[in-house]
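Chain letters run A, B, ... following the sequence lines, proteins first, then strands; residues in each count from 1.
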Amino acid sequence: MIYGYVIVAEKNSVARAIASFLGGTSVKRLQIEGVPAYEFNWNNSRSLSIGVSGHILNFDFPKEYNKWNSIDPRQLFFIKPILVTREGAYKYIKALRQLAQKTSTVILALDADVEGEAIAFEVMRIMSQANPSLEFKRAWFSAITRTDILEAFKNFRKPNENLANKAFSRMIVDLTIGASFTRILTLSVEKRNGFLPKGKFLSYGPCQTPVLYLVVKRELERENFKKKKYYVLRVKFESPEGVFTGHATFDDASKANEALSVVKSIGKGIVASSEYVTVNIQPPVPLNTVYLESRGSLFLNLRPKETLAIAETLYANGYISYPRTETTRYPPTLNLKNILSMFSEWENTGWYVKKLLLKGFKPTEGREDDKAHPPIYPTKAASKNEIVRKFGEKAWRVYEYVARHFLATLSEDAIIEKQKIIVNIDKLQFQAEGRKVVYLGFYQVYPYSVPQDDPLPYLLKGEEVRVLEAKLEERTTQPPQYLSEAELLALMKKYGIGTDATMQEHIHTNIERKYFIVKNKRLIPTPLGRTLAVSLYETVPELVLPEIRGRMESKLVKIANGEVSPEELVQEMLEEFLSYYDKLAQNIDKVAEKLVEGLKKVYQEEDSEASHASAKKKSSMKRRKTTRQRKKI
DNA sequence: GCAAGGTC
């Protein structure tokens, strides 16, 4: 035996961290089959840690069932998927097999969640094939900090097959229903020669399709919205303390006009009530992935997919912590003061940081905890120059946001005075609302949505105010806007569609499939996406309703709790979806007919748009050419 | 050519 212990982590960064926490200065870096690994002394023996890259194995159907044209998609419900090696994962298998020969004890240091447990079972499967006498121990830690790691390596657990089986069952169910529904939809339009370009298909998925439904639902709500006229009477009042504007709303034009003449003829009003209430605005809770993505969309003008990609780069280069996390509370073992101290000379916030360090601070705390990763926080203070030079301007936006969000979570509340005055003129009531910022608090370092002063004068009940001006405005109620990405992310979270790491992908998949587009930060269905969502809803609503994913999840939890066997539950879930499949299959002609229409619109329009765009491009190129030539002369 | 979930 060469190694007393071989430690397998879910990713390289964790393998490296474990080595440094356990091995101190004895760590030696090496490569096994091209995979980075770390040798060190621990527990009186030479040990080695290595990271895989998430899952190593995946489910797929046996080859003969992947011939779309000769296999009835319905058959997939009766075929057991097999485990295959993931693309690019073979080097990890080779490395693990090699290490299996060089130790007798393997410590499974994967993330503390069901996916991590599933990966642990993949590792065990691979390694025990190479060496059946291996002993496996599970290290369970909820943060990659020295304290948590040392604690986890004192008290090992047993691998928990129920947890792993929950993940494996989800994989099997998702593959089966995804593949069967995607195939029946795709084949139905292909049979009709339905404008589907080569290599494209019509996909269905238990996450992507409910996401589409949410986007389409909003479009239908807009269309069904009944606009209504209403009337706002705005009155400018003068008091000894200052001028302010109150308003009253009417549904009816004649009543509004009547009110206007009353206001004009009386010409003054009495303060019926006045309120000046201070309220605290709490700083945001510690940052998780979905919140970062939604703030990216709202404040930084970045798409969720882009935000996450940038965050990953910043993480890989040591500027921020691991960006895929649900957690919104700092683990007690994270040294916030050390991180804060790094920022005492940063971007004009130095004075603020020094004040916090001097006065002391208490971090905000959210409710979510994925038990695997801490919230996202900066791990290094870096200048704008440095970040822009290395990763570009967009990366600076993300880094600066992470840093400022972190500082905000340690900051004091902002204090706002909310103001409200009601003025009576005869029997009419006019309301005025205002606000005054009393103390900026965390907004001093978090300049993204700073409340603005819009104060009212300080008046007492019974005071008389004079009418300076009265204006009647006709307005129309407006339909809701198309969904924004930030709203969609919030809805996905509410319904439990996708995970922190995958939500942006489900949005992206729909865009890729031409089911909806993003325009001015709003999500607009294409005729194809709309047809798909509507016709599925009309045939089998269960396939598109957003609750579907949450219901699957709560069933799968029973596997993790050991209340039901995975085989039994997978069988039950597949039977349910088979009945949906049969319902859809009965109506597939009708559905396909509509889908062909949608495809026609999407792909033909794209063609004409593309030729349009290329013509435009050509002419602009011509223009550029001429200006360049001019410059030369 | 399918999904969703890890990770890069």
Side-chain angles (χ1 to χ4, degrees), chain A residues 9-15 35-36 51-61 63 65-69 71 73 75-77 79 81 86-89 91-92 110-123 164 166-187 189-190 196-211 289 308-317 322-326 370 372-373 492 496-506 508-510 512-513 543 548-549 552-553 556 573-574 577 581:
Chain A
E10 194 156 317
K11 42 194 166 276
N12 177 46
S13 62
V14 175
V35 181
V52 293
S53 179
H55 284 286
I56 308 163
L57 305 175
N58 196 12
F59 283 98
D60 194 5
F61 291 109
K63 244 201 195 118
Y65 292 97
N66 280 335
K67 294 175 184 147
W68 290 32
N69 287 302
I71 298 291
Q75 262 190 281
L76 298 179
F77 284 93
I79 304 302
R86 277 166 193 263
E87 212 184 286
K91 61 177 179 182
Y92 299 109
L110 295 121
D111 288 356
D113 52 31
V114 290
E115 298 297 331
E117 204 67 12
I119 298 168
F121 276 78
E122 292 168 25
V123 169
K166 180 192 171 206
F168 290 136
S169 302
R170 178 196 53 69
M171 288 159 118
I172 292 169
V173 173
D174 284 347
L175 173 66
T176 308
I177 66 183
S180 57
F181 285 100
T182 298
R183 289 189 197 181
I184 188 180
L185 291 168
T186 305
L187 292 171
V189 301
E190 278 180 351
L196 194 59
K198 267 224 149 45
K200 300 276 179 186
F201 47 85
L202 291 181
S203 63
Y204 170 87
C207 287
Q208 56 171 275
T209 309
V211 164
T289 310
L308 185 56
I310 292 170
E312 271 161 10
T313 307
L314 291 169
Y315 159 70
N317 288 280
Y322 189 65
R324 285 187 283 257
T325 172
E326 284 175 33
D370 64 16
H373 305 101
M492 291 170 76
I497 301 172
T499 66
D500 48 297
T502 61
M503 283 184 187
Q504 39 80 29
E505 276 175 42
H506 299 311
H508 184 73
T509 304
N510 278 288
E512 195 97 302
R513 302 283 189 269
L543 286 176
I548 172 186
R549 193 57 172 176
M552 291 171 79
E553 174 65 20
L556 290 164
M573 291 175 78
L574 289 185
F577 277 92
Y581 181 92

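Listed nucleotides B:dA4, B:dG6, B:dC2 differ in distance to A:Q208; the shortest reach to its side chain belongs to B:dA4. Distances were taken from every side-chain heavy atom of A:T499 (C-beta onward) to each of B:dA3, B:dC8, B:dG6; the shortest belongs to B:dG6. Among B:dA4, B:dC2, B:dG6, the nucleotide with an atom closest to any side-chain atom of A:A179 is B:dC2. Of the listed nucleotides (B:dC2, B:dC8, B:dT7), B:dT7 has the atom at the smallest distance from the side chain of A:E10. Distance from the side chain of A:R170 is smallest for B:dA4 among the nucleotides B:dT7, B:dG1, B:dA4.
Phosphate proximity of B:dG6 to A:S53: absent, as no side-chain N or O sits under 4.0 Å from OP1 or OP2.
Across all strands, A:G205 comes closer than 4.0 Å only to sugar-phosphate atoms, never to a base (heavy-atom distances). The residue A:N69 sits close to a base: some heavy atom pair falls under 4.0 Å. Nucleic acid contact for A:P73: none, since no nucleic acid atom lies under 4.0 Å from a heavy atom of the residue. Looking at heavy-atom distances under 4.0 Å, A:F59 makes contact with a base. Within the 4.0 angstrom heavy-atom criterion, only backbone atoms of the sugar-phosphate kind lie near A:G498; the bases stay farther away. Across all strands, A:K200 comes closer than 4.0 Å to base atoms (heavy-atom distances). Counting any heavy atom pair closer than 4.0 Å across all strands shown, A:T186 reaches a base atom. When heavy atoms are screened at a 4.0 angstrom cut-off, A:E190 is found touching base atoms of the nucleic acid. Nucleic acid contact for A:E505: base, since at least one base atom lies under 4.0 Å from a heavy atom of the residue. When heavy atoms are screened at a 4.0 angstrom cut-off, A:D111 is found touching the sugar-phosphate backbone but no base atom.
Pairs passing the side chain to side chain donor-acceptor pair (under 3.5 Å) check and including a residue from residues 175-186 of chain A, sequence neighbours excluded, read A:N66-A:R183.
Each of A:N66 and A:I56 lies near DNA chain B, and the nucleotide nearest A:N66 is the one positioned closer to the 5' end.
Using bins of under 30°, 30° to 60° and over 60° for the plane-to-plane angle, the ring pair A:F181/A:F577 lands in the perpendicular bin.
Look at CZ on A:R183: it is 9 Å from C1' on B:dG1, rounded to the nearest Å. One interatomic measurement links the two molecules: CD of A:E87 to P of B:dA3, which rounds to 15 Å at whole-angstrom precision. The interatomic distance linking A:Y92 (OH) with B:dG6 (P) rounds to 17 Å, in whole Å. In this entry the distance linking CG of A:D174 with P of B:dA3 reads 10 Å, nearest Å.
The heavy-atom pair separating A:A118 from A:H55 by the smallest distance is CB-CE1, 4.0 Å. Nearest heavy atom pair, residue A:G51 against residue A:A15, reads N-CB, 3.5 Å.
Between A:T289 and A:R324, the side chains place no donor N or O within less than 3.5 Å of an acceptor N or O (distance only, hydrogens not considered).
Every residue two or more places apart in sequence or in another chain that forms a ring pair (Phe, Tyr, Trp, His ring centres under 6.0 Å) with A:Y315 is listed here: A:Y322.
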